[in-house]
A.B. asks: 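I have a structure here, written as C-alpha cells, and I will follow up with some questions on it.
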2 protein chains.
Amino acid sequence: MVETMNANSAPKALPRLTIDTIRTLAIDAVQKANSGHPGTPMGLAPVAYTLWHDFLRYDPEKPDWPNRDRFVLSVGHASMLLYAILHLAGVREIDADGNPTGAPAVSLDDIKAFRQLDSKTPGHPEYRITTGVETTTGPLGQGCGNSVGMAIAERALAARYNKPGYPLFDHDVYVLCGDGDMMEGVSSEAASIAGHLGLSNLCWIYDSNHISIEGSTDLAFDEDVGKRFESYGWHVIHVDDANDTLAVAQALDSFKATGDRPTLIVVRSVIGWGSPRAGSEKAHGEALGEENVRATKRVYGWPEDAQFLVPDGVLEAFSAALAGRGTEARRAWEALFERYAQEFSQEAGEIEGLRRGEVTPGWEAAIPDFPTDAKGLATRDSGGKVLNAVAPLIPALLGGAADLSPSTKTDIKGAASFEADDYAGKNLHFGVREHAMGSIANGMALSYLRPYTGTFLVFADYMRAPVRLAAIMELPVIFVFTHDSIGVGEDGPTHQPIEHLATLRAIPGLDTIRPGDANEAAEAWKAALSHTHEPTALIFSRQAMPTLDRQQYAPASGLARGGYVLGGDEDPELILIGTGSELQLAVAAHERLSGEGIRSRVVSLPSWYLFEKQDRAYRDSVLPPGVTARVAIEQAGGFGWDRYVGPAGATVTMSTFGASAPIAKLQQKFGFTLDHVCDVARKLLRQPE
Amino acid sequence: MVETMNANSAPKALPRLTIDTIRTLAIDAVQKANSGHPGTPMGLAPVAYTLWHDFLRYDPEKPDWPNRDRFVLSVGHASMLLYAILHLAGVREIDADGNPTGAPAVSLDDIKAFRQLDSKTPGHPEYRITTGVETTTGPLGQGCGNSVGMAIAERALAARYNKPGYPLFDHDVYVLCGDGDMMEGVSSEAASIAGHLGLSNLCWIYDSNHISIEGSTDLAFDEDVGKRFESYGWHVIHVDDANDTLAVAQALDSFKATGDRPTLIVVRSVIGWGSPRAGSEKAHGEALGEENVRATKRVYGWPEDAQFLVPDGVLEAFSAALAGRGTEARRAWEALFERYAQEFSQEAGEIEGLRRGEVTPGWEAAIPDFPTDAKGLATRDSGGKVLNAVAPLIPALLGGAADLSPSTKTDIKGAASFEADDYAGKNLHFGVREHAMGSIANGMALSYLRPYTGTFLVFADYMRAPVRLAAIMELPVIFVFTHDSIGVGEDGPTHQPIEHLATLRAIPGLDTIRPGDANEAAEAWKAALSHTHEPTALIFSRQAMPTLDRQQYAPASGLARGGYVLGGDEDPELILIGTGSELQLAVAAHERLSGEGIRSRVVSLPSWYLFEKQDRAYRDSVLPPGVTARVAIEQAGGFGWDRYVGPAGATVTMSTFGASAPIAKLQQKFGFTLDHVCDVARKLLRQPE
C-alpha cells in the first residue's frame, strides 16, 4: 500500500493527515526558528507514525512507566519529528521528581518556541528537558549505542525480576538512525556487541536517504549496510519506500517475530519529501524558505497559509490509538506489579528504588576498611576489592571492561558473564570497544541500572563523547580508568596518560576522583555510588602505593569534600599537594622537610570537582591564601594546577609525553623522586616570587 | 605446504629457522624485560616472514626510499615481531636529518634492551625512535587508520607525479592487525572509506587468533569479519593456518592481482604457538616464564639454553632476499628519478621537498590581508579563504571534512573530489567518520602529504586518539575545528564545545590556535603550515567577528609569539585578555573603560602553546606580573585560565554546558556581554584581593 501523495487527492485518510501534520509541524517550526533540520522529519514521518501508532507500547499518560517500549531518535537533528509526535500523542509532562505536572509534554506553543532559550523544544532532544525524550542525541551514533544499553538493561532486569507468571520486563527498544549514525564507528561497535548478545528486543530503523551534508552518500559511503549487519548476526529487512506504511508495518511485525537477534530495518526514504528540495542535501540543515514551504504544502494538499496546523481529530485519534494499546498495557502491568509486590516484596522494593534512581541501601557498610600497610596496593586492586564487596548488595550494578578486566580489576569474582545465554550474568564483556562501552553504559543508566565501565585512562580518548553526554544528561555512570600515569611503565607513551586527568576535570558536572591510597579508593567508590546526578571517573593506578596510617593522618573520609588536610605542621610555610600515587611523595617530602625544620602541610586533593563545591571558607582552610609556597605533585600533565599552586607555587608534573621503561627509571627521568620534590620545595622557600 | 613444526624434525630449512629465530627473539626479549607481549609474534612470525621475505619491496640499506612498500604493525603490542624482523632484515639506521648513521636500525643489543629507557626498542613501536617503524602504534585500530592514509597518499602522489614511462609511485601498504583492531570503531570507519575509494594498494592481514585479553573472543566478538569487509567492498581471502606459508603467499599473490579494491587476508593463527600457553590469553601480555620458555624452545627444536640466538646464515639470507628485490628496485627508481628530474624539474623539486618535509615555498605571499571591517566575518570563513588562497601553491596539501565541508569551509573551491575514479581530486570526503579522519590524516602525513581535516570542535571528542598520536609522532597535521563555542547557537549543548579548548591545550606538542579576527586566522594558517614537527588545531568560529583595524591595534603577526599586546593604555591597571570571537569584547571593554578613566591593556592570546615557548621576559612584557587585575574572556570553560589571570584575576567563561537558543540570547544568559565584562573588570579594581 504505497500511498500516492500528491496534491489533488481526495479528502485524506487519517493516517496520511497525521503524517502530513508531523511533516508540516516540522517545516513550520524550523521556518519560524529559521534554524533546524526539516528534511529528515519530512522523509521519516510515515515510519515514525507507523511505529508509534501501531506498535509502540507506550502510555502517553504515564510516559515513565518502566515497561514502556523505548523510542530513541539517534538522528537527533530531526528533533522536530519527535516533538511533533510527542505533541500528537498527547504525552503528559512529568517533573523532575516523577510527578505529573498536568501540562502536555510538548504543547503547540512549545513547538512554536522551537530552538528558543529555555524552551522544551531545544535544537536536539535533551533528556531531562522534555518528557518523552529517552536520551539526549545529536552527536551521531550515540543514540545507537544508548539503545544497546537500554536493550541490555531490559534483559538484565527481566533476568533478575521476572518470575513465572510475572513478565514485568518485556519491552522493546526502537531506534531511528541515519547514514551519519551508520558511518560512525561507535554504532559499528555497538551493533557488533548487540549481535553477539542476541538482543532480540532491539530494532534499529535505518533511514537510508542517500544524502549527507556534503551531498550524495555516493561521495563517501556506498557499503552494503544490510550485509554488514548480517555479518554482525542481525536480522535485516529492507523497505523500499518510507511512504509505504504497510511495508513498514510488515517489517516491524517481522522484528516482533524474531526471537534470537536484533533487527535492522533499512528504509529507503527521500529527504525533504514533497518539497522542491526533496532528495537534496539542501533539505537537511536549514529552513526551507517561505516559497518552498508554500510549494511543499501545495504538494501535501495542505492549506498554504496555515501554520502549525493540527487538523481536527488528528491528535485525538493518534493519542487514542497509542493509549488504547499503551494505557491498557500499563494498567495491566500495575495490577501485575501489585500482586508481585505481595509475593516478592524485596524485589518489588528494589524496583521501586530503581525507579527513584536510588541505589539499594545498605551497601555502605560493606565498603572495606584497609589496614595501614607500607607496601600497600594499587588503587586498581583496592578499587576492585571495593567493587566486589558492594556488588552483591547492589543488584542494579552491572558493568565490565573493554577487554581489560584482568588489568582493570573490574570483574565481579565468581559471577557469571552477561551473555546471550545468561542475561543474569554480572560481568559484561564489552570487547575492545571503548566508545560503544561508554555509550552503552549511558543507555543502561537511562534504564534503571547503575553501570560501570573499565579501561585504561589513556583510552578515555576513545570514549570522550559518551563521558561528556553522561555529564550533560546527569547520569550517575561510573567510568573506571586504571593505569593512570607514567606508572604504566614499559608500555610507553602511547599507553601513558598525560593530559587525560585535565581533560576529564575540564568536563562540567563530571566528578573525577584520583584516590591516594586504598582507603581513599574506598571513599571514591562511595562518592561515585552516592551520586545521583553526576557521572564519576574513578582514576586508579597500576602500581602499588602505601596504605596510609589514618591514626597519624586525617581519615580518608575527607575525600567527600574533594580535598582535605591530610596532616603536617601547624602554621605551615609550605603546602605539599598530592593526588593518587603521588600522595605518598607529598607525605614523604613533608617528613623529610620536617627534619630540616621546614614546616609543611600535606593536602590530599583527589577530586577537584568536589573541592570546588565547598564554600570559600573551607577551601581557604585547606589552602590558606597566605601560604603561597605550594608544590603540587602529580604524574600527569600540569595543565590546570595553576589554580591551586598559584603564581608563587610550583608543580612536579609532566610537560612532555612519557617513555617506555620500568617505572623507577621513569620516575627518576621525570623527577618524581623524593629528592626532586624536596629540591623544588626548598627552592620555592628560598626564592619566593 | 603446512610445515610440520615439532621438536624432532630434521635440520630445518632456512625459512623455518628464520621464523623460529623471530619467535625466540621475541620470547627472549620479553622474558629478559619481564614485560611485553610474546604471543602474537610467535603466532604471526610465519606470516611476517613470508610478507617480508617474498613480497615487501623494501631496501634495508635505504629504508626511507619513497616508493618502498609500507609495513604497518597495527598490533603494536607485538612490537618484538617488528624489531626482530628489522634486525634480521639488516635494516640500516637513518638519523633525524635523513642521513645513514652506519648503525643497524635494530641491533641484537637493542633487542636485549627491549622496553628499557632510551632504547630503540620501546614497548610499542615509536615513529622517529626506530628506523623502519612507519608509524607509532599501540592504541588499537590506529595503524589500520594510518594505513588508509598511506594508501591514499600513494594514490595522490601517483596521480600528481607519475608520468607516462615514469611510475614513480606504485607501492603497496601492508598491515598486520588483530581482533582488537577489528573491534575498534575506527578501523570500521577506515575500512569503509578504503572500500569506497577502491584502494587496491592496501592489504590488511587480520590475525584471527580467537583470543583477547579477557579470554576467547567468543566472550564478545563472533561476527563474520570477512563478510563485513565484503560489505565494504573489499576483496577477502581466508588462510586457515598461519604456519602455512604457501597459503599466505598465495593470498598475497591474490592481493597483488586485485586491481580495484583493498584486500583483507583473514589468517587463522594460534597465539603463543608452540608454547604451553598456546591458544590462551595467558600468552598475550606477559613473559612466558623460564620453564615455559624452555618448553617452547624444545618444541621448536631450539637449544634450550641459548638466548637471543640468531643462527648463522639467518640474517644474511633474510636480508639478502629482501635486498635482492628491494635494493634493485630502489636503484632502478633512483635512475628513473634522475631522468624524471631532467624532464620534469619542477615536479622533481617538489618531490625532493616533500622528502625533506618541506612545504613548497612561495605560499606565504598568497596569504590574504583582510581589510578592516566592523561587521567582519567568521574565522571559518576567513580561514576558508586562506586555505583556498594557498592550496594551489602547496600540492602536498590534501584534506577535507567529516561530512561538514559546507559548514567548516574546508572545501577547495572548483577542485574535484578525491574519489576512486579521480585520485588527483583535492577534496577528500571523509564521511561522518571523525576518528578515522584523524587517523587517516596521520597516515597521509607519514607519506609526505600535508593533510588537513575538518569538523566541529565538539566532535574533536571523536578523534582525540589520533590528535594525540599526531603530537606524539610530531606530525604537522592540521586539524580544523569550527563552531568553536556557544556561538553555535540553536544546535544546543550537544554541539557547543565547552571543555574542548582546554582538552586540546593540555596535549603536549599540539599547537592550538584560536584566532581573534580574519588577519589572525591568516596568521594561524601561516603558523600551521610553518610547523614541521607539531600538529596544529585551528579553532574557528561559526559567527562573524570584526576585522580589527591594524593601524589602530598591533599587527596580527604577533600571533606568531602566541600572545601579544593588541593595544590599550600605557601603564595599565587592568589587563583584558581575549581569544577568538571574544577578542572583540576585550577591545570593546577597553574602549568603554577608557571613557571611565580606567587604564587597561588588551592582550590577544590565540595560542598558549606558542606563548609558552617565548622567554620569560617577553611573557612578562605582555602580562606584567605587577598588573594582577586581569580578566580573561572566552566563550568556553574556564579550566586552565588561572595560569594567566592569577588568583587576583577573573574569567568570563563558561562553568556549565550551553543551551539551545539564538546566539544573542546565549551571550546574554552566560554573560558574554560588554556590560558584564565591564562589571567584572570594575569589580576587580574596586576589590583587589
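So that the names make sense, note that chain A is the first sequence line, chain B the second, and so on, each numbered from 1.
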A.B. asks: Please name the pair of heavy atoms, one in B:Ala465 and one in A:Tyr462, separated by the smallest distance, quoted to 0.1 Å.
C.D. replies: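 Closest approach of B:Ala465 to A:Tyr462: CB-CE1, 3.5 Å.
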A.B. asks: For residues B:Thr136 and A:Thr494, report the shortest heavy-atom separation together with the two atoms involved.
C.D. replies: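 Smallest interatomic distance, heavy atoms only, reads CG2-CG2, 3.3 Å.
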A.B. asks: What part of A:Asp179 gets within 4.5 angstrom of chain B, counting heavy atoms only: side chain, backbone, both, or neither?
C.D. replies: neither
A.B. asks: Report the option among A:Glu189, A:Arg115, A:Lys227 that has the most heavy-atom pairs separated by less than 4.5 Å from atoms of chain B.
C.D. replies: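 Max contact count across the listed options: A:Arg115.
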A.B. asks: May I ask you to test the A:His37-B:Asp491 pair for a side-chain heavy-atom distance under 4.5 Å?
C.D. replies: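 The answer is yes, as the side chains (C-beta and beyond) meet within the 4.5 Å cut-off.
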A.B. asks: For A:Gln668, look at atom CD and say whether over 12 heavy atoms of other residues, nucleotides or ligands are found less than 6.0 Å away.
C.D. replies: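 No, because the 6.0 Å sphere around CD of A:Gln668 holds 12 heavy atoms or fewer from other groups.
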A.B. asks: Kindly compute the distance separating CD (B:Glu499) from CZ (A:Arg464), expressed to the nearest 0.5 Å.
C.D. replies: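 The distance works out to 5.5 Å.
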A.B. asks: Please check if the side chain of A:Glu214 supplies one atom and the backbone of B:Asp403 the other of a donor-acceptor pair under 3.5 Å.
C.D. replies: yes
A.B. asks: How many angstroms lie between CG in B:Leu117 and CD in A:Glu490, if you round to the nearest 0.5 Å?
C.D. replies: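 That separation rounds to 10.5 Å.
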A.B. asks: Do A:Pro139 and B:Val458 touch side chain to side chain, with heavy atoms closer than 4.5 Å?
C.D. replies: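 Not in contact.
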A.B. asks: Heavy-atom cut-off 4.5 Å, strictly under: side chain, backbone, both or neither for B:Pro125 against chain A?
C.D. replies: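 Neither part.
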A.B. asks: Distance from A:His196 atom NE2 to B:Leu219 atom CG, nearest 0.5 Å?
C.D. replies: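 Interatomic distance, A:His196 NE2 to B:Leu219 CG, rounded to 0.5 Å: 6.5 Å.
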A.B. asks: Compare every heavy atom of A:Ala220 with every heavy atom of B:Phe430, then report the nearest pair and how far apart it is.
C.D. replies: C-CB, 4.4 Å
A.B. asks: If the condition is side-chain hydrogen bond (donor to acceptor under 3.5 Å, both in side chains), which residues does B:Thr130 pass it with, not counting sequence neighbours?
C.D. replies: none
A.B. asks: Among the options A:Gly76, A:Ala471, A:Gly285, pick out the one with the most heavy-atom pairs lying under 4.5 Å from chain B.
C.D. replies: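 Result: the option with the highest number of such pairs is A:Ala471.
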